[in-house]
Amino acid sequence: DVKVTQSSRYLVKRTGEKVFLECVQDMDHENMFWYRQDPGLGLRLIYFSYDVKMKEKGDIPEGYSVSREKKERFSLILESASTNQTSMYLCASSPILQSANEKLFFGSGTQLSVL
Amino acid sequence: AQKVTQAQTEISVVEKEDVTLDCVYETRDTTYYLFWYKQPPSGELVFLIRRNSFDEQNEISGRYSWNFQKSTSSFNFTITASQVVDSAVYFCALSENYNFNKFYFGSGTKLNVKP
């Protein structure tokens, strides 16, 4: 089974801190995604990566950056955390997308609270 | 405009009742895929089903069934004889063939099944 592992289940940070959220997948998937989940808004795409060192902005990239130095690891960075970034963050991966058919494999999420 | 609408924010049923979760989607693409994911309290979204736009056949898997109707742009999900373990947030999602790196998620329906 595909395993997508997010380093922390719960995280509490202070406003202005630099925050790193880590995600590792073990199935050699080309694509990795970071989503943000908020009540009533569903999942919104922050960034995705289709290869090492390649990234594309999603719907809500402001205030975030990402890093993919190795195929299995995709990091989400909050340069200066703000309270409106308090949310559940979900990492996902998938094999190379050649059509709309591919499904996503998700991690368990990181609930980030910014105080 | 939202691509995927799940109008039911939260539903509560008593065990053994049948329950239907609604999903309405919007797309101009002729080739697309619809998905349902389940998010239990543990947080990880789990893939349930995928349907392509050319296959309107309804599908049944145990207590789960899905009704896809292109005429009404709906992809509804029914759980028969619900169980407490069905309690979760359920997400409907759309992927379009012309931009298949992008998944559009609905806002989710929280299902509470009481014993």
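Every heavy atom of this structure was used, including side-chain atoms; hydrogens, water molecules and symmetry mates were not. Naming: A, B, ... by sequence-line order, numbering from 1 per chain.
Partners of N112(B) according to the side-chain hydrogen bond (donor to acceptor under 3.5 Å, both in side chains) rule, which considers only residues two or more places apart in sequence or in another chain, are E10(B), S12(B). Taking Y89(A) as the reference, Y64(A) meet the side-chain hydrogen bond (donor to acceptor under 3.5 Å, both in side chains) condition, with sequence neighbours excluded.
Proximity of the aromatic rings of W34(A) and Y47(A) is defined here by a centroid distance below 6.0 angstrom, and this criterion is not met.
Classified by interplanar angle (parallel below 30°, tilted 30° to 60°, perpendicular above 60°), the ring pair F47(B)/Y37(B) is perpendicular. Taking the six-membered ring where tryptophan is involved, the planes of F33(A) and Y35(A) are essentially parallel, since the angle between them stays under 30° and well short of 60°.
Screening F105(B), Y32(B), Y104(B) for a side chain to side chain contact (heavy atoms under 4.5 Å, CB included) with K3(B), the sole residue that qualifies is Y104(B).
Side-chain contact, N84(A) with S82(A): a donor N or O sits under 3.5 Å from an acceptor N or O. At a cut-off of 3.5 Å, with distance as the only test, a side-chain donor of N58(B) or N67(B) sits close to an acceptor on the other residue. Residues E17(B) and S82(B) have side chains that never bring a donor and an acceptor to within less than 3.5 angstrom of each other. Between the side chains of S87(A) and D38(A), a donor-acceptor pair is found at a separation under 3.5 Å.
Within the 4.5 Å cutoff, the side chain of L48(B) has heavy atoms near those of the Y64(B) side chain.
Contacts between residues 106-115 of chain A and chain B, counted as heavy-atom pairs separated by less than 4.5 Å, involve F106(A), G107(A), S108(A). When the heavy atoms of residues 14-22 of chain A are compared with those of chain B, none of the residues falls under 4.5 Å.
Contact of L43(A) with chain B is made through backbone and side chain together, with heavy-atom distances under 4.5 Å. In this structure, chain A has a heavy atom under 4.5 Å from the backbone of S42(B), while its side chain stays farther away. Only the side chain of R9(A) comes within contact range of chain B, with heavy atoms under 4.5 Å apart.
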